[in-house]
Participant: 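Supplied in C-alpha cells, the structure appears directly below.
Residues take their numbers from the sequence shown, with the count starting at 1. Basis for what follows: all heavy atoms, side chains included, without hydrogens, waters or symmetry-related copies.
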Amino acid sequence: MNKPARITAELSAETLAMVEELAAWQGRSAAEFAAEAIQRVAESEADYRAFIQEGLDAIERGDVVPHAEVMAELDAMIEQHRQRCQG
C-alpha cells in the first residue's frame with residue numbers, strides 16, 4: 001500500500017470557503033474533501049490522456065477516416081432523417 005503524502009496548495013479565500021462549506025455539508029474535513037477532489041480530477045485527467053493517446057496511436061497506424069468521408073456519411077444520415085420527417 002502506498003504511504004500517504006502531503007501537498008500544499010494556495011487557494012483563494014472564495015475557493016477555501018467553498019471547500020470548507022461542502023466538506024462540512026458532507027460531514028468530513030476539508031482535507032478529506034480536497035484529497036478526494038484531487039483523486040477524482042487526477043483519474044479523470046488520466047482517462048482523458050489515455051483517450052487522446054489512443055487517437056494519436058490510431059493516427060500513427062494510419063487507422064483513420066478522411067474528413068470528407070466522415071462528412072459525406074453524416075450528410076447522408078441527415079438527409080435520410082429529413083426524408084423520414086417529411087413523410
Participant: Roughly how far, to the nearest 0.5 Å, is NE2 of H81 from SG of C85?
Facilitator: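 Here the rounded value is 3.5 Å.
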
Participant: With rounding to the nearest 0.5 angstrom, report the CD1 to CD1 distance, I7 to I38.
Facilitator: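 CD1 of I38 is found 4.0 Å from CD1 of I7.
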
Participant: I'd like to know if F33 and W25 are part of one continuous hydrophobic network [Ile/Leu/Val/Met/Phe/Trp/Tyr, side-chain heavy atoms within less than 4.5 Å].
Facilitator: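 Different clusters.
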
Participant: More than 12 non-hydrogen atoms from neighbouring residues, nucleotides or ligands closer than 6.0 Å to CD on E79, yes or no?
Facilitator: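 Enclosed: over 12 neighbouring heavy atoms sit under 6.0 Å from CD of E79.
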
Participant: With distance as the sole test, does E32 use its side chain to make a donor-acceptor pair with the main-chain N or O of S29 at under 3.5 Å?
Facilitator: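 A pair under 3.5 Å: yes.
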
Participant: Supply the atom-to-atom distance L16 CG to E10 CD, rounded to the nearest 0.5 angstrom.
Facilitator: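 Rounded to the nearest 0.5 Å, the CG-CD separation comes to 12.0 Å.
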
Participant: Should V65 and I59 be regarded as members of a common hydrophobic cluster, given that ILVMFWY residues are connected when their side-chain heavy atoms come within less than 4.5 Å of each other, either directly or indirectly?
Facilitator: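 No, V65 and I59 fall in different hydrophobic clusters.
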
Participant: Rounded to the nearest 0.5 Å, how far apart are CZ of R28 and CG of L22?
Facilitator: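 Here the rounded value is 9.5 Å.
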
Participant: Grab the two heavy atoms, one from A58 and one from V64, that are nearest each other, plus how far apart they are.
Facilitator: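 Minimum heavy-atom separation between A58 and V64: O-CG1, 4.2 Å.
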
Participant: Evaluate the criterion side-chain contact (heavy atoms from CB on, under 4.5 Å) for residue pair L56 and E60; output intermediate values, then yes/no.
Facilitator: CA-CA 6 Å; L56 293 173; E60 234 179 73; 6.0 Å; no

Participant: Looking at CD of E20 and OG1 of T15, how far apart are the two atoms once the value is rounded to the nearest 0.5 Å?
Facilitator: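 So the CD of E20 and the OG1 of T15 are separated by 11.0 Å.
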
Participant: Tell me whether E45 is salt-bridged to R49, with the criterion being a basic N under 4.0 Å from an acidic carboxylate O.
Facilitator: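 R49 and E45: not salt-bridged.
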
